[in-house]
J.: 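Mind looking over this structure? Questions follow.
Chain identifiers are assigned alphabetically (A, B, ...) following the order of the sequence lines, protein sequences preceding nucleic acid strands; residue numbering begins at 1 within each chain. Since the structure is predicted, the reported quantities are computational estimates derived from the model, not experimental observations.
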2 protein chains.
Amino acid sequence: MNEEKHILSILVDNEPGVLSRIAGLFSGRGYNIESLCVAETLEPKISRITMVTKADSIAIEQIKKQLHKLINTIKVIELTGQDFVQREMVLVKVTAKPENRAEILRIVDIFRCKVVDVGKEHYTIEVTGDEGKINALLSLLRPIGIKEIAKTGIIALNREPK
Amino acid sequence: MNEEKHILSILVDNEPGVLSRIAGLFSGRGYNIESLCVAETLEPKISRITMVTKADSIAIEQIKKQLHKLINTIKVIELTGQDFVQREMVLVKVTAKPENRAEILRIVDIFRCKVVDVGKEHYTIEVTGDEGKINALLSLLRPIGIKEIAKTGIIALNREPK
């Protein structure tokens, strides 16, 4: 059985212990979580967890059943296979030597990024997009010199049926 | 002792079980995690966890000590009290009745958001910024009708010393 990427969007009670139990469901079966975002929804008592994991389809069905059994789980939505919008955001701190600045700003412009901090030796760039766009940007900035990055991981919402 | 918001940036081995153990450290002490992002760094074997939690300063020092003791923890950086860039991203699916569309697009323009999906009855908007900007946007869109949101939670990087 092939392991595929699955995106799960899980609405849960915003309470201590919920994230640890949900993450434990995956690690207990030896599945790694590739990325995960958790934050409040419009209703502060409810949080949304968006999670990307690699698993075969039998394992993912079992995990979804286990998720439903947790009392703090309100809803489990699998986005994979549906039509959805996905985005992630990355902050990239890039070495900005005087001779490279024009090139960095050209890349920022082409990728519609924002420069969110400027120092003597670094620029910090904010970029949003799908995995492909972000990997393309990082591969262009890498030879110039990336000092560090912080990535959100993927968030996603269903598209409305047309 | 007053509970304050703390932002921790934690570099960890990208392995099953690490997130569950770290989240468990907080819930074991009854502290809720307000938001959390985890994703790969440039080095695929290392993930960065950015976490926002409310705790008093004694508790946060104890938690940091416990984090350091975990064998999969590489580095713990507390950003609170330092000079740093913080950003979060939100996808907002807003009800777009014909009579509200011009107003929604005006708001999108003022807040420098992007419309990332258009349906018959909804627009999906992508916005990045700090908490203040995002709350201001949501409070403007709320009376128009927000169907659902997905938030990344905060990511952050140190500013370079000037």
J.: Restricting to non-hydrogen atoms, name the atom on B:P16 and the atom on A:S27 that form the minimum distance, rounded to 0.1 Å.
T.: C-CB, 3.8 Å
J.: If we define contacts as heavy-atom pairs under 4.5 Å, which of B:T50, B:N14, B:V18 has the most with chain A?
T.: B:N14
J.: Between chain A and each of B:S9, B:A150, B:G153, count heavy-atom pairs under 4.5 Å; write down the option with the most.
T.: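 That would be B:A150.
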J.: Give the cluster check for A:L70 versus A:L36: same hydrophobic cluster or not, with ILVMFWY residues linked at side-chain heavy-atom distances below 4.5 Å.
T.: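 Same cluster.
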J.: How far does CZ of A:R48 sit from OG of B:S35, to the nearest 0.5 angstrom?
T.: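 The OG atom of B:S35 is 15.0 Å from CZ of A:R48, to the nearest 0.5 Å.
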J.: Are B:T41 and A:K151 side-chain neighbours, meaning at least one heavy-atom pair lies under 4.5 Å?
T.: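 No; the side chains remain at least 4.5 Å from each other.
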J.: Could you tell me which portion of A:E121 (side chain, backbone, both or neither) has an atom closer than 4.5 angstrom to a non-hydrogen atom of chain B?
T.: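 Both parts, heavy atoms under 4.5 Å.
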J.: Name the region of A:R29, side chain, backbone, both or neither, that has any atom closer than 4.5 Å to a heavy atom of chain B.
T.: neither
J.: Taking side chain as everything from C-beta outward and backbone as N, CA, C, O, which of these in A:L138 sits under 4.5 Å from a heavy atom of chain B? Side chain, backbone, both or neither.
T.: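 A:L138 touches chain B through side-chain heavy atoms alone.
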J.: Would you mind checking which part of A:K147 comes under 4.5 Å of any heavy atom in chain B, side chain (CB onward), backbone (N, CA, C, O), both or neither?
T.: neither
J.: Give a yes or no on whether A:V12 and B:M51 share a hydrophobic cluster (residues Ile, Leu, Val, Met, Phe, Trp, Tyr; joining criterion: side-chain heavy atoms under 4.5 Å apart).
T.: yes
J.: Which of the residues B:V90, B:L19, B:L91 is involved in the greatest number of heavy-atom pairs with chain A at under 4.5 angstrom?
T.: B:L91
J.: Please report the interatomic distance CG(B:D117) to CG(A:L157), rounded to the nearest 0.5 Å.
T.: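 Rounded to the nearest 0.5 Å, the CG-CG separation comes out at 9.5 Å.
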J.: Contact part of B:F26 toward chain A, heavy-atom cut-off under 4.5 Å: side chain, backbone, both or neither?
T.: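 Nothing of B:F26, per the 4.5 Å heavy-atom cut-off to chain A.
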J.: With clusters defined by side-chain heavy atoms of hydrophobic residues (ILVMFWY) lying less than 4.5 Å apart, directly or transitively, does A:Y123 cluster with A:L140?
T.: yes
J.: When only pairs under 4.5 Å are counted, which of A:I146, A:I49, A:L25, A:T124 shares the most heavy-atom pairs with chain B?
T.: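 Answer, by heavy-atom pair count under 4.5 Å with chain B: A:I146.
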J.: Using 0.5 Å steps for rounding, measure from the CD1 atom of A:I149 to the CD atom of B:E40.
T.: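 If we round to the nearest 0.5 Å, A:I149:CD1 and B:E40:CD are 8.5 Å apart.
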J.: Where on B:R21 is there a heavy atom nearer than 4.5 Å to chain A: the side chain, the backbone, both, or neither?
T.: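 Neither; nothing under 4.5 Å.
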J.: Looking at A:T152, is its backbone amide N or carbonyl O close enough to the side chain of B:T152 to form a donor-acceptor pair, meaning the two atoms are under 3.5 Å apart?
T.: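 Side chain of B:T152 to backbone of A:T152, a donor-acceptor pair under 3.5 Å: no, none is there.
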J.: Atom CZ in B:R87, atom NZ in A:K114: separation rounded to 0.5 Å?
T.: 7.0 Å
J.: Around A:K54, counting heavy atoms of other residues, nucleotides and ligands shown, do more than 12 lie under 6.0 Å from its NZ?
T.: no
J.: Please check if atom NZ in A:K64 has more than 12 non-hydrogen atoms from other residues, nucleotides or ligands closer than 6.0 Å.
T.: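 Counting other residues, nucleotides and ligands, NZ of A:K64 exceeds 12 neighbours.
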J.: Cluster question for you: counting only ILVMFWY and a side-chain heavy-atom cut-off of under 4.5 Å, with indirect links fine, are A:V76 and A:L79 together?
T.: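 Cluster IDs for A:V76 and A:L79 differ.
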J.: Could you tell me if B:E126 and A:T128 have a donor-acceptor pair between their side chains, going purely by distance under 3.5 Å?
T.: yes
J.: Which one wins on heavy-atom pair count under 4.5 Å against chain B: A:I154, A:V85, A:V116, A:L42?
T.: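 Highest number of pairs under 4.5 Å: A:L42.
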J.: Using a 6.0 Å cut-off, check whether atom CZ of A:R101 has over 12 heavy atoms from anything other than its own residue.
T.: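 Check passes, neighbour count above 12.
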J.: Walk me through it: do B:I155 and A:M89 pass the test side-chain contact (heavy atoms from CB on, under 4.5 Å)?
T.: CA-CA 9 Å; B:I155 52 169; A:M89 177 174 56; 4.0 Å; yes
J.: Please say yes or no: joined through hydrophobic side-chain contacts below 4.5 Å, possibly via intermediate residues, are A:F84 and A:L8 part of one cluster?
T.: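 No: no chain of side-chain contacts under 4.5 Å links A:F84 to A:L8.
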